[in-house]
Structure formats: C-alpha cells, structure tokens
Amino acid sequence: MSANTSTGQQGAFSAEERAAMKERAKEAKGGRGRAKADPEADCLAKIAEMEGTDRVLAEGIHALVKANAPQLIAKTWYGMPAYAQPGKSGKLICFFQPAAKFKARYATLGFDGAAALDDGTMWPTAFALTELTPDTEARIAALVKQAAS
C-alpha cells in the first residue's frame, strides 16, 4: 500500500515527511563503521542548500546559537540545522525547520525536551519565524541561553 497523502489515505506520510525520515536514518548511521563526519560541516552544508528567506533565517539562527550557547554542537536532525548538548548524550536543544521543507508558510525555531524552557505548567516549544529583526534576535538569544543552561 502506498503511503501517499494525496490519495486521501489517513495516517500516511507526505513525500516531504518520508524524505525527512530518510535523512534522519542516514544521520543515525553516520558514525557506524567508518570515520565520523563533521556534524557542524553537515549543518552548514544544509544551510547553504537553502534558498531565500529560509537561508537568511538559518544563517542568523546559527550565528545567534554560536554566540549565545557556544557549548552546543551544530549538527543536522531530520536534515535540518540543529544544536545539541556536547558529549555522548548529545541531547537535542533546538532546531531550525525551514518553511520550504514541508511547504509551510513560515519557518520554525523549535526546542526539544532537553531545553530548559520550563515555565510553570505550560510553555511554548516552537516559534514561527518570518524575519530576523533586532527584537526577534534578542528574544532568540535569550531563549537559546535559557534552553542551553
């Protein structure tokens, strides 16, 4: 049975979702049985492949993460730029999802479960992005610092 959402099947994955899963499988296999690739180079290569606003946003977020949480390791996650704790655990802290990846109307800056953003019983874990303004950059810098602490 084909997993094509255009046929109207419920629970099926889109072509974009299947491609992301294939990229994640390649990432997971990355270091097994051969020399480990450079995860930051992979992240920068993914950013370089992006076009337009997605690329501008990804480059800006990369710079903000490196400036405000230099201990985080740049890598890819489902083929997207991501930033994780160093060491063996390598828990994901945040990631950038370009709008074009899933044909969305905006890009997303997301935070994973290891991010220290807890605020009571409810807090946001993803933010829609359309441009980087000085105010947006300041918010992202503060969130990244808090998430990585």
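We use all heavy atoms of the structure for the numbers below, so side chains are in, but hydrogens, waters and symmetry mates are not.
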Worksheet item: So which heavy atom on Thr108 is nearest to which on Ala126, and how close?
Response: CG2-CB, 3.8 Å
Discussion item. Taking salt bridge (Lys or Arg N to Asp or Glu O under 4.0 Å) as the cut-off, I'd like each qualifying pair that reaches into residues 76-97, sequence neighbours left out, listed once.
Written reply: none
Fill in: Sequence neighbours excluded - side chain to side chain donor-acceptor pair (under 3.5 Å) pairs with any residue from residues 42-60
Glu23-Lys46, Arg55-Glu59
Fill in: Sequence neighbours excluded - side chain to side chain donor-acceptor pair (under 3.5 Å) pairs with any residue from residues 114-127
none
Worksheet item: What's the spacing between Phe111 CZ and Gln146 CD if we round to 0.5 Å?
Response: 9.0 Å
Discussion item. How long is the straight-line distance from CG of Leu109 back to SG of Cys94, given to the nearest 0.5 Å?
Written reply: 6.0 Å
Scan the side chains in residues 60-87 for donor-acceptor partners under 3.5 Å anywhere in the protein, sequence neighbours excluded, and list what turns up.
unit_1, atom_1, unit_2, atom_2, d
His62, ND1, Tyr83, OH, 2.8
His62, NE2, Glu40, OE2, 3.4
Lys66, NZ, Glu40, OE1, 3.4
Asn68, ND2, Leu64, O, 2.8
Thr76, OG1, Glu27, OE2, 3.0

Worksheet item: Under 3.5 Å, is there a donor-acceptor pair between the side chain of Arg18 and the main chain of Phe13?
Response: yes
Discussion item. Do Leu143 and Leu117 have side chains that approach each other closer than 4.5 Å (heavy atoms only, starting at C-beta)?
Written reply: yes
Practice prompt. Please name all residues satisfying side chain to side chain contact (heavy atoms under 4.5 Å, CB included) with Phe102, sequence neighbours left out, ordered by chain then number.
Written response: Glu16, Glu17, Ala20, Gln97
Worksheet entry | For Leu132, side chain to side chain contact (heavy atoms under 4.5 Å, CB included) partners two or more places apart | Leu57, Thr136, Glu137, Ile140
Discussion item. Using the rule that Ile, Leu, Val, Met, Phe, Trp and Tyr join whenever any side-chain heavy atoms are under 4.5 Å apart, tell me whether Val144 and Leu129 fall into a single cluster.
Written reply: yes
